[in-house]
Chemist: 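Structure in structure tokens, see below.
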There are 2 protein chains.
Amino acid sequence: MERDGPRFPPGTRKLVYVQVADEIAKRIKDGTYPPESRLPAELEFVAEFGCSRESVRRAVQELRDRGWIETIKGKGSFVLPPEERPARSS
Amino acid sequence: MERDGPRFPPGTRKLVYVQVADEIAKRIKDGTYPPESRLPAELEFVAEFGCSRESVRRAVQELRDRGWIETIKGKGSFVLPPEERPARSS
DNA sequence: GGAAATTTGTTCGTATGTATA
DNA sequence: TTATACATACGAACAAATTTC
């Protein structure tokens with residue numbers, strides 16, 4: 001996922017995990033992944049985005065930190081309903 | 001870990017990975033990390049010492065070369081009992 | 001109940017790019 | 001120019017929780 005890409009000034013390139021996090025966030029916002037639903041498994045995202053599991057995990061952690069999802073070991077990550085999300089988390 | 005630090009005559013400053021290796025060796029010697037025990041993960045050392053993973057890995061490799069520890073992929077690095085260590089490895 | 005598959009969690013292995021001395 | 005050091009990213013193996021058959 002554009003690991004190399006064009007040469008940007010240092011610190012300007014969009015990191016892979018940010019790209020992934022942004023895409024998943026977009027899908028949550030537009031209802032592709034509705035509240036209460038389970039997100040695709042990490043390895044599914046790996047296959048879809050063609051990136052590493054580490055990048056997917058960082059992206060998921062980002063969304064977790066924003067309060068958009070919760071993750072349960074052995075089960076998956078679940079979209080939190082908007083009312084359970086922190087106010088300033090868009 | 002003192003990447004910048006005071007100015008030494010060229011080639012005199014103690015390298016980061018050497019500092020880390022010395023510190024871990026000290027802890028093995030004083031029993032902080034006893035025989036058979038698992039060392040903290042690389043990323044834990046990164047957090048504690050505030051250096052890069054590369055420097056930690058170099059340090060760990062140094063101890064491996066000295067015969068103080070063995071490393072198993074996916075599991076960690078383990079302190080070898082003194083009797084399994086080479087004679088001249090202090 | 002039990003074994004296998006699924007899924008997240010953890011850890012080491014490797015490659016590459018950038019900055020600096 | 002070379003060696004050190006940091007950061008990002010991908011790969012692989014193992015561990016633990018859960019689900020499925």
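To find a chain, count down the sequence lines: A is the first, B the second, and so on, and within it residues start at 1.
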Chemist: The side chain of B:Leu15 lies closest to which of these nucleotides: D:dA9, D:dT4, C:dT14?
Modeler: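 Of the candidates, D:dT4 comes closest.
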
Chemist: Identify whether the distance between the nearest side-chain nitrogen and carboxylate oxygen of A:Glu54 and A:Arg57 falls below 4.0 Å.
Modeler: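 Salt bridge flag = no for A:Arg57 with A:Glu54.
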
Chemist: Of the listed nucleotides (C:dT8, D:dC6, C:dC12), which one gets closest to any side-chain atom of B:Arg53?
Modeler: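 Per side-chain heavy atoms of B:Arg53, the pick is C:dC12.
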
Chemist: When you measure only distances, ignoring hydrogens and angles, does the side chain of B:Glu54 come within 3.5 Å of the base of D:dC6 through a donor and an acceptor?
Modeler: yes

Chemist: Tell me which nucleotide among C:dC12, D:dT4, D:dA13 gets nearest to the side chain of B:Ala41.
Modeler: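 Nearest nucleotide to the side chain: C:dC12.
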
Chemist: At under 4.0 Å, does any side-chain N or O of A:Ser55 touch on OP1 or OP2 of D:dC10?
Modeler: yes

Chemist: Counting only side-chain nitrogens and oxygens, does B:Arg38 get under 4.0 Å of the OP1 or OP2 atom of C:dT11?
Modeler: yes

Chemist: Does the A:Glu44 side chain pair with the main chain of A:Ala41, one donor and one acceptor, at a distance under 3.5 Å?
Modeler: yes

Chemist: Which listed nucleotide (D:dC6, D:dA9, D:dA15) is nearest to the side chain of B:Lys75?
Modeler: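 Ranking D:dC6, D:dA9, D:dA15 by closest atom to the B:Lys75 side chain puts D:dA15 first.
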
Chemist: Is the phosphate of C:dG13 approached by B:Arg57 (side-chain N or O, under 4.0 Å from OP1 or OP2)?
Modeler: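 True: B:Arg57 side-chain N/O within range (under 4.0 Å) of C:dG13 OP1/OP2.
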
Chemist: Does a nitrogen or oxygen in the side chain of B:Ser52 sit under 4.0 Å from OP1 or OP2 of D:dA5?
Modeler: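 No, because none of the side-chain N or O atoms of B:Ser52 sits under 4.0 Å from OP1 or OP2 of D:dA5.
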
Chemist: Between B:Val46 and B:Val20, is there shared hydrophobic-cluster membership here, with clusters defined by ILVMFWY side-chain heavy atoms closer than 4.5 Å?
Modeler: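 B:Val46 and B:Val20: one cluster.
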
Chemist: Go nucleotide by nucleotide along DNA chain C from the 5' end; which of B:Ile72 and A:Gly74 gets its closest nucleotide reached first?
Modeler: A:Gly74

Chemist: In Å and rounded to the nearest 0.5 Å, what is the CH2 to CD1 distance from B:Trp68 to B:Ile24?
Modeler: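 Interatomic distance, B:Trp68 CH2 to B:Ile24 CD1, rounded to 0.5 Å: 11.5 Å.
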
Chemist: Picking from C:dC12, D:dA5, C:dT8, which would you name as closest to the side chain of A:Thr71?
Modeler: C:dT8

Chemist: At 4.0 Å (heavy atoms only), tell me whether A:Leu43 reaches a base, stays on the sugar-phosphate, or touches nothing.
Modeler: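 It contacts nothing in the nucleic acid.
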
